[in-house]
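These values consider heavy atoms only, across backbone and side chains, with no hydrogens, waters or symmetry-generated copies.
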Amino acid sequence: MYRSSYDKCIIFGYNLFAYFSWQATMAGQLHPQLLLSRQYCRVFSVINSHIHTSSGLASKDHYKVLVLGGGSGGIAMAARMKRKVGAKNVAIVEPSEVHYYQPIWTLVGAGSKSVASSGRPTASVIPSGVTWVTSKVAEFDPENNTVHTDSGKKISYDYLIVALGLELHYEKIKGLPEGFEHPKIGSNYSVKTVEKTWNALKNFKEGNALFTFPNTPIKCAGAPQKIMYLSDAFLRKTGKRSKANIIYNTSLPVLFGVKKYADALWEIVKKRDLNVNLRHNLIEVRADKQEAVFENLDKPGETEVYKYEMIHVTPPMGPPAVLKGSSLEDEAGWLNVNKSTLQHKTYANVFGIGDCTNLPTSKTAAAVAAQSAVLDRTVSRILKKQTPDKTYDGYTSCPLVTSYNTVILAEFDYDGQPLETFPVDQSKESRVMYHMKADVMPHLYWHGLLKGLWGGPGPYRTIMHMGMK
């Protein structure tokens with residue numbers, strides 16, 4: 001079959017990604033896909049606690065490197081630090097029994113992936129030999145190099161890596177979260193509500209299909225509109241599109257923060273007859289009446305009520321509450337780090353990664369991958385009493401899913417400039433990129449990023465662009 005040069009180039013890049021994903025798998029240990037239940041996770045955690053910590057280490061209260069948070073950033077850095085200082089000198093504080101690959105929830109909400117496929121027991125992803133403290137962080141004391149947990153434990157450290165993620169605030173929208181008890185409403189941002197999105201979509205009859213973007217920083221800023229494009233595709237496939245009025249109400253003044261990709265998305269919006277209202281912020285959901293209330297951010301005090309047949313809610317989000325009042329936060333409550341080295345601006349032995357930081361870039365798993373490589377180098381230099389010499393350029397990626405088989409792969413830096421891996425125009429919809437999002441990226445996540453083996457596509461970008469940025 002004839003393939004254009006564009007397709008050949010994309011397929012070459014896809015195969016390159018797949019190859020390095022395979023390499024990461026060979027370097028790590030394969031885990032079988034697990035169907036999770038709360039009971040299973042407890043049993044699995046108890047059994048594996050003997051693998052991760054011996055009885056002697058269980059009561060240890062000092063570590064060379066203490067990692068806070070068992071999300072993507074925390075697990076990746078624990079794996080990297082294990083290789084630096086040895087497993088017995090690393091601990092990770094994380095209360096959750098299940099670790100989720102959250103980027104796949106967009107496809108779960110659209111009915112093309114199962115929620116079970118997104119999760120694995122936390123015990124199975126923590127690096128072997130690393131101590132797992134199953135508690136929440138309750139208090140920081142960076143002056144004394146200690147952290148207090150909600151179980152009353154005091155842990156001291158030489159170096160601290162904060163990877164606490166962010167918090168969802170459905171309660172800041174009047175009528176939520178109790179509104180999720182009703183049908184017709186879902187949210188891809190929580191494991192508790194992602195399947196409700198699919199239920200609302202597959203049971204859609206006729207009327208307004210609403211999709212929202214809040215007036216706060218959020219993780220994966222493209223996700224609120226990805227589900228809109230997928231819903232449009234599903235309704236077309238099932239013959240219901242003519243009965244649907246699809247509306248995207250966003251608090252932002254733009255459709256997407258990078259103009260190159262925003263221009264491409266506007267063309268899709270026009271072609272598919274999608275209605276976009278900028279500067280519209282959801283403030284209330286009347287789930288019993290199937291009504292949503294939005295404020296016009298350009299006209300304070302002005303509100304508008306929308307009836308809906310289905311609604312996807314993206315909640316307001318914010319920094320971890322435990323950072324509030326600590327000397328680690330900035331004026332907005334985020335972890336205050338140097339945007340180039342990820343080292344804290346006040347405490348030289350404290351570092352941050354991922355969503356909890358005040359790094360001025362989008363909060364995505366791709367950003368975490370790139371940050372992990374930089375932070376690994378930063379800590380290595382600090383351990384040797386040397387000055388950090390590698391800088392983070394703000395690289396992040398957002399695979400903008402535009403249908404059940406196409407993706408626009410947005411990649412960009414701190415300045416909002418495209419930083420594309422493949423030597424083609426990535427603002428075009430691509431089938432190959434969809435398979436990368438749906439099939440390759442999860443594999444890279446579990447067997448590359450979480451093993452501390454995947455630091456983003458930077459080196460491969462250099463190869464594919466022949467050394468040019």
Side-chain angles (χ1 to χ4, degrees), residues 21 24-25 27-34 36 41 44-45 48-49 51-53 63-105 117-137 147 155 157 159-166 191 219-220 320 335 342 351-357 363-376 378-379 441-456:
S21 175
T25 300
Q29 177 185 357
L30 281 171
H31 292 285
Q33 184 60 55
L34 300 170
L36 300 171
C41 289
F44 193 90
S45 298
N48 274 265
S49 67
I51 298 175
H52 293 295
T53 61
Y63 296 90
K64 184 82 171 177
V65 179
L66 180 62
V67 180
L68 306 182
S72 55
I75 297 295
M77 290 312 301
R80 288 176 179 269
M81 292 302 101
K82 172 186 173 180
R83 293 195 287 271
K84 288 279 187 298
V85 301
K88 68 179 182 179
N89 296 312
V90 180
I92 184 165
V93 180
E94 170 56 48
S96 301
E97 297 172 345
V98 184
H99 179 103
Y100 290 102
Y101 175 59
Q102 297 180 30
I104 210 71
W105 286 349
S117 71
S118 70
R120 297 182 181 183
T122 300
S124 73
V125 297
I126 291 179
S128 61
V130 168
T131 300
W132 176 20
V133 181
T134 53
S135 302
K136 289 183 179 180
V137 178
V147 167
I155 309 172
Y157 57 82
Y159 301 93
L160 180 69
I161 296 176
V162 184
L164 290 172
L166 51 65
V191 70
K219 54 184 172 182
C220 195
L335 188 72
L342 311 185
F351 310 88
I353 186 171
D355 296 352
C356 68
T357 67
K363 300 177 184 296
T364 69
V368 168
Q371 291 164 24
S372 70
V374 174
L375 185 51
D376 182 67
T378 293
V379 175
M441 290 306 179
H443 194 72
L444 270 177
Y445 182 84
W446 295 113
H447 306 299
L449 176 59
L450 297 190
K451 301 288 187 183
L453 301 170
W454 174 251

Give a yes or no on whether the backbone of [Y] and the side-chain of [X] come within a donor-acceptor separation of less than 3.5 Å.
{"X": "T134", "Y": "P95", "answer": "no"}
{"X": "E94", "Y": "W132", "answer": "no"}
{"X": "K363", "Y": "G165", "answer": "no"}
{"X": "T122", "Y": "S96", "answer": "yes"}
{"X": "R80", "Y": "L375", "answer": "no"}

Measuring from atom [atom1] of [X] to atom [atom2] of [Y], what distance do you get when rounded to the nearest 0.5 angstrom?
{"X": "L453", "Y": "R83", "atom1": "CG", "atom2": "CZ", "answer": "5.0 Å"}
{"X": "K451", "Y": "W446", "atom1": "NZ", "atom2": "CH2", "answer": "10.5 Å"}
{"X": "Y159", "Y": "L66", "atom1": "OH", "atom2": "CG", "answer": "14.0 Å"}
{"X": "I161", "Y": "I353", "atom1": "CD1", "atom2": "CD1", "answer": "7.5 Å"}

Looking at every heavy atom in both [X] and [Y], which two are closest together, and how far apart are they?
{"X": "A369", "Y": "W454", "value": "CB-CD1, 3.8 Å"}
{"X": "S124", "Y": "P121", "value": "OG-O, 2.7 Å"}
{"X": "L449", "Y": "S72", "value": "CD2-CB, 4.1 Å"}
{"X": "S118", "Y": "I104", "value": "CB-CG2, 3.4 Å"}
{"X": "A163", "Y": "G73", "value": "CB-C, 4.0 Å"}
{"X": "T364", "Y": "C220", "value": "CG2-CA, 4.1 Å"}

Quick one: does [X]'s side chain get under 4.5 Å of [Y]'s, heavy atoms only?
{"X": "T378", "Y": "L342", "value": "no"}
{"X": "S372", "Y": "M77", "value": "yes"}
{"X": "K82", "Y": "N89", "value": "no"}
{"X": "I75", "Y": "I126", "value": "yes"}
{"X": "P103", "Y": "M441", "value": "no"}

Look at atom NZ of K84 and say whether more than 12 heavy atoms of other residues, nucleotides or ligands are closer to it than 6.0 Å. yes
Apply side-chain contact (heavy atoms from CB on, under 4.5 Å) to the pair V147 and V93, showing each step before the final yes or no. CA-CA 10 Å; V147 167; V93 180; 5.6 Å; no
Return the set of residues passing ring pair (Phe, Tyr, Trp, His ring centres under 6.0 Å) with Y445 (not counting sequence neighbours), or none when no residue passes. H99, Y101
Partner set under salt bridge (Lys or Arg N to Asp or Glu O under 4.0 Å) for K219, not counting sequence neighbours: none
